Amino acid sequence: MRKKELFDRVIAYFEETMPIAETELDYQNPFELIVAVILSAQCTDKRVNQITPDLLKRFPTPYKMAEAEVAEVFDYIRSCSYPNNKAKHLVGMAQKLIELYDGEVPSDVDDLQKLPGVGRKTANVIASVVYNKPALAVDTHVFRVAARIGLSTNAKTPLATEIQLMKYIPEELVPKAHHWLILHGRYTCVARKPKCEKCGLTEICKYYQKEVAGK
DNA sequence: ATCCCGAGGG
DNA sequence: CCCTCTGGAT
């Protein structure tokens with residue numbers, strides 16, 4: 001089956017099974033979204049949403065955040081994972097945002113990646129959500145699910161997956177594909193013991209056919 | 001106990 | 001490439 005046809009089948013399945021509502025990161029502007037996405041690594045959106053109101057009340061702009069003591073930022077974010085790294089990243093990100101871009105969040109993925117704490121995945125989220133660019137953020141879920149179903153082939157890195165998928169996913173479907181692949185990975189196609197018995201994609205899934213059905 | 005919606009550094 | 005950073009959810 002061609003990749004595009006496979007993708008169409010997957011998207012059709014998600015269309016009829018995926019729930020509409022889902023917890024998402026709260027934010028009011030691009031700066032707040034960068035902060036939230038940096039905090040979200042290995043951490044639930046729910047917890048990030050508990051942290052950001054107080055944090056952003058204290059440091060509402062890049063200019064305030066750039067002058068912050070890392071230790072004080074740490075105190076606000078201590079309940080998310082990697083608070084030490086993230087506190088340094090947030091302050092450094094704000095400083096660089098001012099130094100390079102006059103405090104304005106850039107829309108280009110390469111420009112975004114010059115900011116501390118902003119890697120490929122985070123940059124793609126900002127480009128997609130804030131600027132409506134056709135950017136596919138490949139996190140651990142998208143990476144795993146795409147490989148299992150066969151939407152990617154021999155992709156060793158998230159970037160390789162991103163490049164492969166972007167070749168055949170229509171621009172307008174990128175956000176939807178991204179969101180649904182994540183949800184599928186989080187609730188059904190989980191890392192350890194995927195719940196294939198609850199999955200409607202087994203018929204076309206490479207992983208199921210090889211590892212479960214033994215074909 | 002074990003895993004997780006990353007990024008940076010060696 | 002592999003390691004580390006880390007708390008919280010299950």
Side-chain angles (χ1 to χ4, degrees), chain A residues 14 18-27 32-52 54-55 65 70-97 100 105-106 109-130 135-149 151-152 154-163 165 169 174-195 198:
Chain A
F14 287 156
M18 280 296 175
I20 308 280
E22 180 60 27
T23 336
E24 284 179 1
L25 297 172
D26 297 332
Y27 66 97
E32 292 194 6
L33 182 61
I34 290 201
V35 171
V37 176
I38 287 176
L39 290 176
S40 72
Q42 311 282 53
C43 182
T44 61
D45 289 354
K46 190 180 169 187
R47 179 150 299 276
V48 173
N49 289 338
Q50 288 171 354
I51 291 173
T52 46
D54 288 341
L55 176 69
M65 186 78 78
V70 172
E72 191 186 352
V73 175
F74 176 90
D75 288 336
Y76 280 92
I77 68 172
R78 62 164 67 250
S79 67
C80 73
S81 287
Y82 315 137
N84 257 311
N85 288 346
K86 289 174 180 176
K88 287 178 204 158
H89 289 159
L90 288 176
V91 175
M93 180 275 290
Q95 291 172 346
K96 209 79 175 177
L97 201 55
L100 296 178
V105 176
V109 169
D110 292 324
D111 292 337
L112 284 161
Q113 282 190 253
K114 293 191 174 78
L115 302 169
V118 179
R120 181 92 195 169
K121 183 257 174 180
T122 301
N124 277 326
V125 170
I126 303 298
S128 171
V129 174
V130 176
L136 180 65
V138 177
D139 58 27
T140 176
H141 291 316
V142 176
F143 180 71
R144 178 182 66 253
V145 172
R148 282 185 177 160
I149 295 176
L151 292 172
S152 63
N154 296 328
K156 306 295 184 197
T157 65
L159 178 58
T161 298
E162 178 190 328
I163 292 170
L165 268 59
I169 297 182
V174 169
K176 200 175 267 192
H178 171 245
H179 195 209
W180 286 348
L181 286 169
I182 287 177
L183 292 181
H184 186 61
R186 188 187 302 166
Y187 297 119
T188 305
C189 197
V190 294
R192 193 107 158 63
K193 292 167 74 176
K195 301 169 182 174
K198 289 171 55 181

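The model shown is predicted, which means the values in this text are computed figures rather than measured ones. So that the names make sense, note that chain A is the first sequence line, chain B the second, and so on, each numbered from 1.
Atom OH in A:Tyr187 sits roughly 13 Å away from atom C1' in C:dT10 (whole-Å rounding). Put simply, NZ on A:Lys86 is 10 Å from P on B:dA7, counting in whole angstrom units. Taking atom CG of A:Leu136 as the reference point, atom C1' of B:dG6 lies 16 Å away to the nearest angstrom. Remark: P of B:dG6 and CG of A:Leu159 are 16 Å apart, rounded to the nearest angstrom. As a whole-Å value, the separation of A:Lys156 NZ from C:dC2 P is 12 Å. Across the protein-nucleic acid pair, A:Leu39 atom CG and B:dA7 atom C1' stand 13 Å apart, rounded to whole Å. If you take CZ of A:Phe74 and P of C:dC5, they are 13 Å apart, rounded to a whole angstrom. Taking atom CG of residue A:Asn85 and atom P of nucleotide C:dG7, one finds them 11 Å apart after rounding to whole Å.
The side chain of A:Asp139 sits closest to B:dC5 out of C:dA9, C:dG7, B:dC5.
Residues from residues 114-125 of chain A that place a heavy atom under 4.0 Å from any atom of DNA chain B, listed by number: A:Leu115, A:Pro116, A:Gly117, A:Val118, A:Gly119, A:Arg120, A:Lys121, A:Thr122.
The backbone N or O of A:Asn124 lies less than 3.5 Å from no partner atom in the side chain of A:Ser128, so there is not a single donor-acceptor pair. Remark: the backbone N or O of A:Asn49 is not paired with any side-chain donor or acceptor of A:Asp26 at under 3.5 angstrom. Remark: side-chain polar atoms of A:Lys86 are paired, donor with acceptor, to backbone N or O of A:Leu39 under 3.5 angstrom.
Here A:Thr161 contributes atom OG1 and A:Leu136 contributes atom CG; the two are 9.0 Å apart, rounded to the nearest 0.5 Å.
Under the rule for a salt bridge (charged side-chain N to carboxylate O under 4.0 Å, His left out), A:Arg144 has no partner lying at least two apart in sequence or in another chain. Applying the side-chain contact (heavy atoms from CB on, under 4.5 Å) criterion to A:Gln42, with sequence neighbours excluded, gives A:Ser81, A:Tyr82.
Comparing B:dC3 with C:dC3, their P atoms are spaced 16 Å from each other, to the whole Å.
Using a 4.5 Å heavy-atom threshold, the side chains of A:Val118 and A:Ile38 count as touching. Side-chain contact between A:Val145 and A:Arg148: absent, with no pair of heavy atoms (C-beta onward) separated by less than 4.5 Å.
For the salt bridge (Lys or Arg N to Asp or Glu O under 4.0 Å) condition, the pairs that include at least one residue of residues 109-124 of chain A, sequence neighbours left out, are A:Asp111-A:Lys114, A:Arg120-A:Glu162.
Where A:His89 and A:Thr44 meet DNA chain B, the nucleotide closest to each residue was compared, and A:Thr44 sits on the side nearer the 5' end.
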For nucleotides 1-4 of chain B, tabulate all protein N/O to nucleotide N/O atom pairs closer than 3.5 Å, reporting atom names and distance.
unit_1 : atom_1 : unit_2   : atom_2 : d
B:dC3  : OP1    : A:Arg192 : NE     : 3.4

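Below 30°, between 30° and 60°, or above 60°: for A:Phe14 and A:His184 the angle between ring planes is between 30° and 60°, a tilted geometry.
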Check against side-chain contact (heavy atoms from CB on, under 4.5 Å), A:Thr157 and A:Val138: CA-CA 9 Å; A:Thr157 65; A:Val138 177; over 6 Å; no

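Consecutive Watson-Crick or G-U pairing (both distances under 3.5 Å) extending over three or more pairs maps onto DNA chain B as B:1-4 with C:7-10, B:6-10 with C:1-5.
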